[in-house]
Amino acid sequence: MRAIGLEAADLTRRIDAVLALPEPPECRDELADERRRLLDGRLNVVVVGHFKRGKSTLLNALLGRRVLPTGVVPVTSVVTLVRAGAADGARVFLNNGQEERMPLDAIASCVAEKENPANEKGVERVEVEMAGTLLAPSIVLADTPGSGSAFLHNTETLKAWLGHIDAGIFVVSADPPVGAGELEFMGEVRDQAGEVVVVLNKTDRLDPGELDEALDYTRNAVEAVLGKDVVIVPCSAKQGLDRGWDGTGVDQVASWLQGLQKDRGKDVLLRGVARRVGRLLSHELAIADIEAAAAKRGSEELRDTLEHARVITGELETSKEEALAIFDRGCRLIMAQYDDASRTFLPDVTARLLDTLNAEADRLRGGRASVLRFKRELESTRDREALTLLRPFQREREAAVIEGFEALSGRTLGHVNRLVDEAFSRVAELLGVTVHRFDVTEGFTMESRLTYRMGLPRANLDYLLEGATFLLPPPLARRVFLRRQLKYLPRAMDLQMGRIRADLHQRLNETAISFRANLSRRAQEALSRIQTALQRSDDLVSGDRSRLAERMEALNGRREALSAAIETCRF
């Protein structure tokens with residue numbers, strides 16, 4: 001193999017040749033960024049994994065400071081890049097192109113799910129600079145939103161960032177253990193990253209015997225995806241942050257990171273840039289191949305071929321809409337399944353709560369509680385027990401809705417991808433070329449806005465009647481309060497079940513709307529590559545025939561430059 005420096009120079013030269021083409025490729029900005037990254041030696045180490053595995057806590061432990069927000073629910077909403085700098089500070093880049101500076105202690109307002117729900121502020125990324133860290137200037141650590149979360153409206157951002165991975169720190173946990181979804185995602189990371197270390201986090205929750213069992217289980221599962229040479233580090237990021245690295249596993253992750261930046265970083269960076277450049281240019285070459293194949297045909301033959309190809313893309317659009325109609329019916333079925341479960345659950349849980357209230361009233365009467373205490377404790381028991389009964393149901397049905405939506409959206413994605421692939425293959429067959437397939441991908445989003453309110457809306461007359469009740473003899477007043485609670489409880493439970501349904505329905509509906517829009521957009525992006533090539537082919541033969549040879553020569557030069565660059569990217 002050639003020396004790494006020569007390989008980097010060769011790849012840079014090939015990129016320059018593509019950028020210097022008379023018609024620069026559509027991906028010229030991405031190519032220029034990869035070229036700068038290669039020259040600057042900027043190595044992207046991306047911390048990835050499912051939600052609530054402790055990614056941000058691990059990064060804070062490595063940095064030695066609580067910089068990134070953490071919490072007991074999915075927190076990270078926006079990709080955050082951390083690099084060494086002369087002083088502490090952060091820059092926020094918005095989707096509209098604007099840039100803002102802010103202190104480190106203010107970044108949670110942009111990257112935390114709670115303070116920036118669904119990224120409503122339109123943050124593209126946050127770049128953090130820190131003084132006095134273990135990071136070399138060439139290393140960029142990226143904290144990403146977790147995969148597999150009901151809060152994952154950022155899955156699209158996360159998936160896009162997979163293309164920027166040079167090396168990855170994949171965080172799993174001992175509790176819960178690594179699951180099938182994580183392993184599948186790990187395979188995606190492996191396809192993008194030149195080197196991956198797996199961190200088995202939260203080992204402080206296990207005793208030594210459980211830790212050995214968790215390590216064996218994780219190693220067997222991970223090796224089936226990544227191979228036998230994968231490094232798995234048992235770790236407690238929380239302890240490493242609270243008391244220092246020694247003996248927590250954070251020290252081993254830091255050693256891996258330091259070894260990467262000192263010994264293997266140049267090679268890993270070169271391969272990462274080559275992979276991304278190769279993918280970008282393969283798409284460009286597919287378009288150029290279609291143009292060249294089309295231009296070799298006579299005008300009439302080409303026009304017939306182009307018309308046939310446009311019919312195919314029109315058929316694809318119709319088939320895609322039919323698939324989305326099936327998707328819509330699937331969403332309605334998901335809510336119908338919720339309604340079936342609710343009808344079974346509500347009478348039973350209401351009866352149980354009525355029994356609990358009667359028992360509590362008997363206890364309070366036996367203790368000769370005052371009327372005010374009787375009322376307050378009865379209401380407190382009602383609220384506490386209602387939440388105890390409702391929350392498991394809400395979580396169970398939420399999980400069922402999420403699982404149902406993921407299965408439905410997965411089937412829809414698979415179907416649309418097959419439709420796109422078939423259309424591409426038919427167009428390629430018409431033109432006699434090989435066309436690279438462009439998979440459509442989309443993420444899942446769900447954010448709860450549910451609040452539990454067991455009390456019923458009350459009018460002024462209700463307050464007057466309640467006040468008058470206190471004037472009654474205590475035994476009678478207690479009976480009145482109890483009777484009122486028992487009378488209105490079924491209605492309150494019905495209202496609460498309605499709130500749960502409305503919350504889930506709103507979340508499902510918002511997710512479905514986003515899914516349909518993004519799926520349509522991504523399918524159109526894939527099709528636009530073919531349509532761009534067809535239009536260029538049409539322009540090529542419809543224009544000045546005397547310049548056809550000249551234009552073909554330029555097109556062949558373009559294909560040669562793209563092919564040479566792609567060949568350089570192969571290791």
Side-chain angles (χ1 to χ4, degrees), residues 1-20 27-48 59 62-64 67 79-91 93 99 124-144 160-170 189-197 231 253-281 565-571:
M1 181 181 285
R2 294 169 294 174
I4 290 296
L6 181 60
E7 289 177 339
D10 192 16
L11 179 56
T12 303
R13 186 174 69 254
R14 296 298 188 187
I15 295 174
D16 289 341
V18 172
L19 292 174
C27 61
R28 56 185 174 273
D29 292 340
E30 293 94 333
L31 288 175
D33 183 64
E34 291 301 310
R35 182 185 185 279
R36 283 192 298 271
R37 201 160 67 83
L38 186 59
L39 293 177
D40 295 343
R42 193 171 76 243
L43 185 69
N44 289 334
V45 181
V46 183
V47 182
V48 290
L59 264 173
L62 289 168
L63 297 171
V67 178
V79 171
T80 306
L81 309 179
V82 184
R83 56 167 56 92
D88 292 348
R91 289 184 298 168
F93 295 84
E99 176 185 339
E124 192 270 323
R125 70 185 187 280
V126 174
E127 295 189 2
V128 171
E129 290 192 356
M130 293 184 60
T133 73
L134 83 161
L135 297 177
S138 60
I139 293 286
V140 178
L141 281 177
D143 188 25
T144 63
W161 262 92
L162 291 184
H164 296 271
I165 293 180
D166 298 315
I169 299 175
F170 201 108
V189 173
R190 173 206 57 199
D191 293 340
Q192 305 289 341
E195 187 170 340
V196 177
V197 62
V231 176
V253 181
S255 296
W256 174 85
L257 189 59
Q258 290 168 336
L260 178 68
Q261 60 193 27
K262 289 179 181 178
D263 304 326
R264 309 178 304 280
K266 290 183 178 179
D267 183 39
V268 171
L269 171 62
L270 177 61
R271 292 172 184 272
V273 170
R275 278 191 300 275
R276 179 159 171 76
V277 170
R279 287 193 300 271
L280 292 169
L281 295 185
I566 292 171
E567 185 61 32
T568 303
C569 293
R570 293 196 176 101
F571 286 89

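Counting begins at 1 with the first residue of the sequence.
When all heavy atoms of Arg42 and Asp166 are compared, the pair lying nearest together is O-OD2, 3.9 Å. Shortest non-hydrogen contact noted between Val18 and Ala565 is CG2-CB, 4.0 Å. Smallest separation of non-hydrogen atoms from Ser138 and Gly41: CB-O, 3.1 Å.
Annotation: the span from Arg276 atom CZ to Leu280 atom CG amounts to 5.0 Å, rounded to 0.5 Å. The CD atom of Gln261 lies 13.0 Å from the CG atom of Leu269; values are rounded to the nearest 0.5 Å. Of the inter-residue distances, the one linking Leu63 atom CG with Leu141 atom CG reads 6.5 Å to the nearest 0.5 angstrom. If you take CG on Leu281 and CD1 on Ile15, they are separated by 7.5 Å, rounding to the nearest 0.5 Å. Taking CG from Leu43 and CG from Asp267, the interatomic distance works out to 10.5 Å, rounded to the nearest 0.5 Å. Here CG of Asp143 is found 5.0 Å from CG of Leu59. Values are rounded to the nearest 0.5 Å.
Residues Leu31 and Val277 form a side-chain contact, since some pair of their non-hydrogen atoms from C-beta on lies under 4.5 Å apart. Taking the side chain as every heavy atom from C-beta outward, Ile169 and Trp256 approach each other to under 4.5 Å. Annotation: side chain of Arg37 is in contact with side chain of Val273 (closest heavy-atom distance under 4.5 Å). Put simply, the side chain of Arg35 reaches to within 4.5 Å of the side chain of Thr12, judged on heavy atoms. Between Lys266 and Leu270, the closest side-chain pair of non-hydrogen atoms is not below 4.5 Å. Between Val128 and Val126, the closest side-chain pair of non-hydrogen atoms falls below 4.5 Å.
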Please report the C-alpha distance between Asp16 and Arg13 in whole Å, then the side-chain angles of each, then the deciding distance to 0.1 Å, and finally whether the salt bridge (Lys or Arg N to Asp or Glu O under 4.0 Å) criterion is met.
CA-CA 5 Å; Asp16 289 341; Arg13 186 174 69 254; over 6 Å; no
Could you go through Ile139 and Arg83, starting from their C-alpha distance and side-chain angles, then the distance that decides it, and tell me whether this counts as side-chain contact (heavy atoms from CB on, under 4.5 Å)?
CA-CA 6 Å; Ile139 293 286; Arg83 56 167 56 92; over 6 Å; no
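Under the rule for a side chain to side chain donor-acceptor pair (under 3.5 Å), the partners of Asp88 that lie at least two apart in sequence or sit in another chain are Arg65. In this view, Asp33 satisfies the side chain to side chain donor-acceptor pair (under 3.5 Å) rule with no residue, not counting sequence neighbours. Under the side chain to side chain donor-acceptor pair (under 3.5 Å) criterion, Glu129 pairs with no residue at all, not counting sequence neighbours.
Just one residue in the list Val82, Leu81, Val79, Thr80 forms a side-chain contact (heavy atoms from CB on, under 4.5 Å) with Glu127, and that residue is Leu81. A side-chain contact (heavy atoms from CB on, under 4.5 Å) with Val45 is found for one member of Val140, Leu257, Val197 and no other, namely Leu257.
Ion pairing between a basic and an acidic side chain is recognised when a charged N comes within 4.0 Å of a carboxylate O; Arg36 and Glu34 show no such pairing.
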